[in-house]
Amino acid sequence: MEYLLFCLKALVKPPENESAYSPDVLILNRPNLVNESLWKKESTVSQAESIPLVVEVVSSNWRDDYLKKAADYEAVGIPEYWIVDYAGLGGRRFIGNPKQPTVSLYTLIEGEYQVSQFRGSDACGGKQRIISPLFPELNLTAEQICQAGGYPV
């Protein structure tokens, strides 16, 4: 596959929504962009075949990342969705109690997201390798993700 990495200005629009999301990181399947009607005019994608991975970094609107975006990305059929909650801002039902930095990897299995999480010392201070079914050759830790974004570890 030939992928493109976008950090700014590319949008994901679920087909049923009027508005689109601007993910923090977006990996695109370049050959499928010819099938995206809004790509050339608006840098917008809506087909699962075009979007293998979306990454969101949690801020004060954490409910959007854990609830709304997760449901919409699942409905689109995006194979992987990562939530980087470097400050432990999310709700306890999503990141555990006590709240702590968490990296959540949502993997689409039979049309539903299954989540794997790296918390606390395994998240933004840990050395445990992230296992991505979509990118098995990826050699990356949650700590490296946080450091690359300039987030405290």
Side-chain angles (χ1 to χ4, degrees), residues 3-29 36 38 43-153:
Y3 295 109
L4 290 175
L5 170 65
F6 279 92
C7 293
L8 298 172
K9 307 247 185 202
L11 301 174
V12 175
K13 183 182 177 303
E16 304 297 320
N17 290 18
E18 290 294 319
S19 60
Y21 298 117
S22 178
D24 295 305
V25 177
L26 178 60
I27 305 291
L28 296 175
N29 177 5
E36 293 283 357
L38 298 175
S43 297
T44 300
V45 291
S46 61
Q47 299 173 15
E49 296 80 10
S50 298
I51 316 161
L53 172 64
V54 171
V55 179
E56 296 284 3
V57 178
V58 173
S59 59
S60 59
N61 64 342
W62 60 266
R63 285 178 180 84
D64 288 346
D65 296 323
Y66 286 102
L67 294 169
K68 190 169 175 37
K69 292 178 186 178
D72 284 344
Y73 293 158
E74 180 182 71
V76 169
I78 297 171
E80 284 191 26
Y81 171 44
W82 298 10
I83 301 175
V84 179
D85 193 344
Y86 69 92
L89 297 173
R92 287 177 178 82
R93 67 180 162 171
F94 300 109
I95 63 172
N97 191 13
K99 287 185 171 190
Q100 52 191 320
T102 304
V103 177
S104 302
L105 280 69
Y106 290 75
T107 305
L108 196 67
I109 299 173
E110 297 180 9
E112 295 182 15
Y113 277 142
Q114 304 296 313
V115 65
S116 301
Q117 292 186 310
F118 302 88
R119 289 189 180 99
S121 62
D122 289 335
C124 291
K127 307 288 185 204
Q128 186 176 4
R129 184 176 163 266
I130 290 174
I131 307 298
S132 167
L134 192 60
F135 299 103
E137 69 283 355
L138 187 68
N139 190 13
L140 184 66
T141 65
E143 178 184 39
Q144 290 170 317
I145 291 173
C146 293
Q147 287 176 343
Y151 306 114
V153 290

Atom pair CD (Glu36) and OG1 (Thr44), whose distance is rounded to the nearest 0.5 Å | 9.0 Å
Sidechain-backbone polar pair: Asp85 side chain, Gly90 backbone, donor-acceptor under 3.5 Å = yes
Parallel, tilted or perpendicular: which fits the ring planes of Tyr81 and Tyr73, with parallel below 30° and perpendicular above 60°?
-> perpendicular
Taken to the nearest 0.5 Å, the spacing of Lys69 NZ from Trp62 CH2 works out to 13.5 Å
CG/Leu26 to CD/Glu56 distance, rounded to the nearest 0.5 angstrom?
-> 9.5 Å
Take atom CD of Glu137 as the centre, draw a 6.0 Å sphere, and report whether it contains more than 12 heavy atoms from other residues, nucleotides or ligands.
-> yes
Rounded to the nearest 0.5 Å, how far does OH of Tyr21 lie from CG of Leu11?
-> 12.0 Å
Shortest non-hydrogen contact from Leu108 to Tyr113?
-> N-CD2, 3.6 Å
How many angstroms lie between atom CG of Asp24 and atom CH2 of Trp82, to the nearest 0.5 angstrom?
-> 13.5 Å
Backbone N or O of Gln100 within a donor-acceptor pair of the Thr102 side chain at under 3.5 Å?
-> yes
Closest non-hydrogen atom pair, Ala48 against Gly77 = CB-O, 3.3 Å
Given Tyr66 and Val58, is the side-chain contact (heavy atoms from CB on, under 4.5 Å) satisfied, shown in steps?
-> CA-CA 9 Å; Tyr66 286 102; Val58 173; 3.9 Å; yes
Enter the distance from Glu110:CD to Glu112:CD here, rounded to the nearest 0.5 Å.
-> 8.5 Å
For Asn61 and Ser59, test the side chains for any donor-to-acceptor distance below 3.5 angstrom and give the result as yes or no.
-> yes
Smallest heavy-atom separation, Ala10 atom then Pro23 atom, equals O-CD, 3.7 Å
Check: Asp72 main-chain N/O paired with Lys68 side-chain donor or acceptor under 3.5 Å = no
Between Leu138 and Ser132, which heavy-atom pair has the shortest distance, and what is it?
-> CD2-CB, 4.3 Å
Leu105 to Ile131 - nearest heavy-atom pair and separation | CD2-O, 3.6 Å
Apply side-chain contact (heavy atoms from CB on, under 4.5 Å) to the pair Ile27 and Phe135, showing each step before the final yes or no.
-> CA-CA 11 Å; Ile27 305 291; Phe135 299 103; 4.2 Å; yes
Min side-chain heavy-atom separation Pro79-Leu53 under 4.5 Å = no
So, for Gly88 and Lys99, which heavy atoms are closest and what is the spacing to 0.1 Å?
-> O-CD, 3.5 Å
Can you check whether Ser116 reaches Thr107 side chain to side chain, under 4.5 Å on heavy atoms?
-> no
Going by atom types only, do Ser104 and Gln117 share a side-chain donor-acceptor pair under 3.5 Å?
-> yes
Find out whether Phe94 and Val115 are in side-chain contact, i.e. whether some heavy atom of one side chain is under 4.5 Å from a heavy atom of the other.
-> no
